[in-house]
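Counting convention: from 1, in listed order, for ligands and their atoms alike. Just so you know, these numbers use all the heavy atoms, side chains as well, and skip hydrogens, waters and symmetry mates. Since the structure is predicted, the reported quantities are computational estimates derived from the model, not experimental observations.
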Amino acid sequence: MSELNQLIYEKKTVYEKAGKEVVEAAYEYAKGYVKFLDAAKTEREAVAEGVKLAEAAGYRPYQFGDAIKAGDKFYYNNRNKNIFLFRIGTEPINNGIRITAAHIDSPRLDLKQVPVYEDNGMCFLKTHYYGGIRKYQWLALPLALHGVVVKQSGEVVDVVIGEDETDPVLYITDLLPHLAAGQNEKNIAHAFVGEKLNILVGSRPLDGADKDAVKMGVLRYLNDKYGIIEEDLLSAELSLVPAAKARDLGFDRSMICGYGHDDRVCAYPSITAMIDTEDTLHTNMCLLVDKEETGSDGVTGMQSSLITDLITEIAKALGGNEATVRANSKCLSSDVTATFDPNYADVYEHRNSSLLGCGIGMCKYTGSRGKGGTSDASAELVAWVRRCLNEAGVVWQTSELGKVDVGGGGTVAKYMANHNIDTVDLGVGVLSMHAPYEVIAKVDLYEAYRAFKAFYAF
Ligand code: MN
Ligand code: MN
């Protein structure tokens, strides 16, 4: 009988496969993750947290041209929005680098450059959403403002409003059901439009102002608190994110509900696995990148030449050949995947979907329709990762986003693969992906940590 069972591939949960100690360790590990989620709601905040973790673990800032030797631990802070950690192994650099790449930007609402206006005694801020959001999910809930304002002088002003218990919060109004008959007739794409995602930020007129007195009150507040004027908002990056904190979810506390699991639920385990791994044979690199949600473009996105620049510099410093290093490197594109949701079972294909609690999910390919836009990892690479994870006792599963022809998506995998680096997607499954509050299972988060540790050392 047991011989026959070996013939069959069956997904099992971490609870069934890994036992109580691993589950308890997962609950413990999740506490650090929840703190990270609350401290790092934007890519800039995630980089700041990443620098703290890296420095505490003995990583030093790297500059192009620095001497590099085995055992060295460096981080490269790219414009405060993207960070690379790397640790030099003892084997020849031409054997390649073990790389993980996660992203630290999440869907949100960005302020426009000229955001402030007054209408009927209310002051609003205009927004332009960032990433793929379902617009209706962002209405009628407390929001916080995060980001930076850079004055003409170059002075950077950090802004966080709405996180402290004593802070005010911000808000987008929604239509009352009593008057929604017309809206109810429309499909969702037309019922909710981007230009109505305006943030309510004030309603009290400023004494002595004769025009736009409510707006003047808001500008007065911003000037008193941050020393900024309206024109300073032209050179700012300010984002609205949910104001509430990450929380345990469920009576059994087995899950976490929070903002930005996509993709901090992979970023946190990859950076903690990196700093918890020492003395490896291979050189390891952990990338936390920006702009994934808008296509990975720009100087802080995965399509920037910075990754190849760094590999070239490392190869050069260690007497290797950059093309050889890339050809022999392996990368886990650590981005989230969709967890099968029984409430929307019709869009998933159960056999190939990530199931909650069954460990980290491997997507051999992503894309939409006929796998459009996928880099499709080779069977050889998948077999190699299988061996790596199985030998380490990591609970993992295969994963596909949804049913063929229903939709699709992509990650940073193809941009890495385009550099001639073997890459496969390995990430945690998420429920309600891209919603203001997303859901993950603690045991899946922990298997991600165990998987990345195994990969760095394998
Ligand atoms: Mn993602
Ligand atoms: Mn995403």
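Ordered by chain and number, His103 NE2, Asp262 OD1, Asp335 OD1, Asp335 OD2 make up the set of protein N, O or S atoms under 2.8 Å of the Mn ion (ligand 1).
For the residue pair Thr411 / Ser333, a side-chain donor-acceptor distance below 3.5 Å is found, with atom types taken as modelled. If you check the side chains of Thr272 and Tyr29, you find a donor sitting under 3.5 Å from an acceptor. A donor-acceptor pair shorter than 3.5 Å can be found between the side chains of Tyr456 and Thr100.
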For residues 133-145, tabulate all N or O donor-acceptor pairs below 3.5 Å that involve a side-chain atom, not counting sequence neighbours.
from, atom 1, to, atom 2, distance (Å)
Arg134, NH1, Tyr136, OH, 3.0

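Heavy-atom minimum distance, Asp425 versus Ala413: OD2-CB, 3.5 Å.
Here the side chain of Arg264 pairs a donor or acceptor atom with the backbone of Lys41 at under 3.5 angstrom.
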